[in-house]
A.B. asks: 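Sharing a structure with you now.
These numbers come from the heavy atoms of this one structure, side chains and all, not from hydrogens, waters or symmetry mates. Throughout, residue positions are numbered sequentially from 1 according to the sequence presented.
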Amino acid sequence: MGDNMKFRMFQWPVNPERFGIRSVCEPEYKIDSDGDFEYTGIGPMCRVFTGGGVFCGDDAVEMFNALAVIMATRTGGDLYHPIWGTATAVLTELQMTQESRPDYIEYSFTFRETDEKGTIPRLPQHEE
């Protein structure tokens with residue numbers, strides 16, 4: 001394995017075919033004494049990392065299950081991408097579809113970046 005994507009102790013055998021980063025900062029407001037909303041600034045930046053690909057071969061099911069086990073711990077760790085670097089993140093979504101053979105599993109993932117305290121900043125609600 002060369003310089004492949006990693007999350008905590010898991011290393012992708014082949015980098016995901018798709019990888020995206022969405023960065024969001026949410027405006028913050030407070031209610032003033034007249035009951036009006038007053039802009040107070042921009043909240044912390046939250047990055048969302050999405051992607052997906054295929055696990056192939058005899059260990060395809062094992063690879064997907066390893067990510068599922070890591071997700072079940074609900075704890076963050078270093079997410080490393082060979083081009084985009086390292087961020088501290090939590091795996092928040094993992095999906096799979098399987099062909100008629102067990103050695104070919106399509107997967108997708110979503111990671112949310114955490115701050116230095118391990119907290120995930122709130123994302124604004126908007127249409128995808």
A.B. asks: Just verifying a value: how many Å separate Ile105 CD1 and Phe55 CZ, rounded to the nearest 0.5 Å?
C.D. replies: 8.0 Å
A.B. asks: Name the atoms and distances for all side-chain donor-acceptor pairs under 3.5 Å in residues 83-94, with sequence neighbours left out.
C.D. replies:
{"residue": "Thr92", "atom": "OG1", "partner": "Thr110", "partner atom": "O", "Å": "3.2"}
{"residue": "Glu93", "atom": "OE2", "partner": "Gln95", "partner atom": "NE2", "Å": "3.0"}

A.B. asks: Taking C-beta and beyond as the side chain, do Pro82 and Asn4 meet within less than 4.5 Å on heavy atoms?
C.D. replies: no
A.B. asks: Under 4.5 Å between side-chain heavy atoms, counting indirect links through other Ile/Leu/Val/Met/Phe/Trp/Tyr residues: same cluster for Met96 and Val69 or not?
C.D. replies: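 No; tracing contacts between hydrophobic side chains, which count when under 4.5 Å, never links both residues.
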A.B. asks: Can you check whether Phe49 reaches Arg47 side chain to side chain, under 4.5 Å on heavy atoms?
C.D. replies: yes
A.B. asks: Can you tell me how far the CG atom of Leu79 sits from the CD atom of Glu113, to the nearest 0.5 Å?
C.D. replies: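 The CG atom of Leu79 sits 9.5 Å away from the CD atom of Glu113.
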A.B. asks: Are Arg22 and Val24 side-chain neighbours, meaning at least one heavy-atom pair lies under 4.5 Å?
C.D. replies: yes
A.B. asks: If every non-hydrogen atom of Glu28 is compared with every non-hydrogen atom of Gly43, which pair is closest and at what distance?
C.D. replies: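 Closest approach of Glu28 to Gly43: OE2-CA, 3.4 Å.
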A.B. asks: Side-chain heavy atoms nearer than 4.5 Å, only ILVMFWY residues, links allowed to pass through others: does that put Tyr80 and Trp12 together?
C.D. replies: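 No: no chain of side-chain contacts under 4.5 Å links Tyr80 to Trp12.
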A.B. asks: Under the side chain to side chain contact (heavy atoms under 4.5 Å, CB included) rule, what do Met63 and Tyr107 come out as? Steps first, then yes or no, please.
C.D. replies: CA-CA 10 Å; Met63 299 305 284; Tyr107 66 89; over 6 Å; no
A.B. asks: Each residue besides Val54 in its hydrophobic cluster should be listed here, by chain and number; the cluster joins Ile, Leu, Val, Met, Phe, Trp and Tyr at side-chain heavy-atom distances under 4.5 Å.
C.D. replies: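 Tyr104, which link up through side-chain heavy atoms under 4.5 Å apart, make up the rest of the cluster.
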A.B. asks: Please name all residues satisfying salt bridge (charged side-chain N to carboxylate O under 4.0 Å, His left out) with Asp103, sequence neighbours left out, ordered by chain then number.
C.D. replies: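 Partners of Asp103 by the salt bridge (charged side-chain N to carboxylate O under 4.0 Å, His left out) criterion, ordered by chain and then number, come out as Arg101.
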A.B. asks: How about Phe111 and Phe7: are their ring centres within less than 6.0 Å of each other?
C.D. replies: yes
A.B. asks: Could you list all the side-chain hydrogen bond (donor to acceptor under 3.5 Å, both in side chains) pairs where at least one residue sits in residues 29-44, not counting sequence neighbours?
C.D. replies: none
A.B. asks: Could you report the tightest heavy-atom contact between Pro102 and Ala60, atom names first, then the distance?
C.D. replies: O-CB, 3.9 Å
A.B. asks: For a 4.5 angstrom cut-off between non-hydrogen side-chain atoms, does Phe109 reach Phe19?
C.D. replies: yes
A.B. asks: Working to the nearest 0.5 Å, report the span between CD of Glu106 and CD of Gln98.
C.D. replies: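 The CD atom of Glu106 sits 10.5 Å away from the CD atom of Gln98.
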A.B. asks: Who are the side-chain hydrogen bond (donor to acceptor under 3.5 Å, both in side chains) partners of Thr75, not counting sequence neighbours?
C.D. replies: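 Only Arg8, Thr73 meet the side-chain hydrogen bond (donor to acceptor under 3.5 Å, both in side chains) criterion with Thr75.
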A.B. asks: Applying side-chain hydrogen bond (donor to acceptor under 3.5 Å, both in side chains), which residue pairs with at least one partner in residues 49-61 are found, sequence neighbours left out?
C.D. replies: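 Qualifying pairs, neighbours excluded: none.
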